[in-house]
Amino acid sequence: MDKTSLEKSIERDVQEALASIAENEAETIRRLDIERQAAIDHFRRLAEDETNAHIRQEITRLKNKAALERQKIRLQCLEDFITDRVKEVMTGLNQHRRYPSFMINTVVQAAGEIMGPIEVRLAKADLALADSIRSALPSARVVIKEDPSIQWGGCLVIDQAGGRVFNGTMERMYFRHSAVIRRKIAKMLEEQNVETNAQRMP
């Protein structure tokens with residue numbers, strides 16, 4: 001039985017509607033694919049930018065830390081060098097020709113502030129000056145003892161009655177002037193470094 005024109009028209013309309021729906025679906029899928037890919041690309045760029053920013057931040061932090069560590073090492077080396085040089089100089093001062101008179105003058109000056117008996121404490125190496133110290137204080141009652149705490153030389157003069165202590169040790173003298181001494185040594189080293197670098201330049 002032949003289809004009526006109405007049936008054919010309905011069938012044609014349905015097929016056109018289905019085709020339109022299929023085309024719309026395909027277009028929607030294409031659009032969604034494009035949007036999905038764009039979103040993925042955008043996310044990837046954001047992730048890459050964030051990762052690169054984090055990497056740059058970490059590199060900067062590591063560079064700063066390395067620079068700080070180098071500075072700390074340089075300062076520690078400088079400190080060790082200064083400490084070694086100071087120790088060499090201070091421990092060698094007792095070999096200077098003026099050292100005995102310095103020791104005697106230090107004791108005599110402190111004794112001038114003391115009315116009663118005096119105790120003088122010396123490093124073991126300086127006990128050889130005991131007779132000279134006693135001779136310089138003929139009217140004073142003087143006891144001379146070894147003091148292991150005195151490493152670089154000098155003396156401690158103790159007022160036995162009053163309990164006062166006059167510290168004439170080299171350690172005390174260095175402590176009082178250590179900041180100035182260290183600054184001068186550091187300045188000399190810096191000037192030497194600048195001069196050496198200037199000579200290396202072509």
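Across Arg61 and Glu58, no two heavy atoms sit closer than the pair NH2-OE1, 2.9 Å. Nearest heavy-atom pair, Trp152 versus Val86, reported as atom, atom and distance to 0.1 Å: CH2-CG1, 4.2 Å. Heavy-atom minimum distance, Gly162 versus Asp159: N-OD1, 2.9 Å. Across Ala136 and Val108, no two heavy atoms sit closer than the pair CB-CG2, 3.8 Å.
Taken to the nearest 0.5 Å, the SG atom of Cys155 stands 10.5 Å off from the CE atom of Met170. Atoms CE and NZ, from Met188 and Lys184 in turn, are 10.0 Å apart once rounded to the nearest 0.5 Å. To the nearest 0.5 angstrom, Cys77 atom SG is 13.0 Å from Lys72 atom NZ. Between the CD1 atom in Ile114 and the CG atom in Leu137 there is a gap of 9.5 Å [rounded to 0.5 Å]. Here the straight-line distance linking atom CD1 of Ile82 with atom CG of Leu75 works out to 9.5 Å at 0.5 Å rounding. With values rounded to the nearest 0.5 angstrom, Ile133 atom CD1 is found 9.0 Å from Leu127 atom CG.
Surrounding CD of Glu146 are more than 12 heavy atoms belonging to other residues, nucleotides or ligands, all under 6.0 Å away.
Classification of Glu27 and Arg30 as a salt-bridged pair holds, one side-chain N sitting under 4.0 Å from a carboxylate O. Ionic pairing of Asp131 and Arg134 is present here: one or more N-O contacts between side-chain nitrogen and carboxylate oxygen are shorter than 4.0 angstrom. A salt bridge between Glu119 and Arg121 is present, with a side-chain N of the basic residue lying under 4.0 Å from a carboxylate O of the acidic one. Between Glu48 and Arg44, no side-chain nitrogen of the basic residue sits less than 4.0 Å from a carboxylate oxygen of the acidic one, so the salt-bridge criterion is not met.
Between Asp80 and Gln76 the shortest side-chain heavy-atom distance falls below 4.5 Å. When side chains are defined from C-beta on, Leu129 does not count as touching Ile104, because their heavy atoms never get closer than 4.5 Å. The side-chain heavy atoms of Glu171 and Tyr174, taken from C-beta on, include no pair separated by under 4.5 Å. Counting heavy atoms from C-beta outward, Val142 and Ile144 have side chains that approach closer than 4.5 Å. Two residues are said to be in side-chain contact when any heavy atoms from C-beta on lie closer than 4.5 Å; Asp126 and Met103 meet this criterion.
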For this session: Let me see the working for Leu156 and Ile150 under side chain to side chain contact (heavy atoms under 4.5 Å, CB included), right down to the final yes or no.
Result: CA-CA 9 Å; Leu156 293 170; Ile150 302 174; 4.2 Å; yes
Problem set entry | Derivation of the side chain to side chain contact (heavy atoms under 4.5 Å, CB included) call for Ile73 and Arg70 | CA-CA 5 Å; Ile73 290 170; Arg70 283 195 299 271; 5.7 Å; no
For this session: Please test Glu35 against Arg31 for side chain to side chain contact (heavy atoms under 4.5 Å, CB included), starting from the C-alpha separation and ending with a verdict.
Result: CA-CA 6 Å; Glu35 290 175 357; Arg31 182 174 51 78; 3.3 Å; yes
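Using a 3.5 Å distance cut-off with no hydrogens or angles, the side chains of Asp33 and Gln37 do not pair a donor with an acceptor.
For the pair Arg164 and Phe166, the NZ or CZ position fails the cation-pi test of under 6.0 Å to the six-membered ring centre and within 45 degrees of the ring normal.
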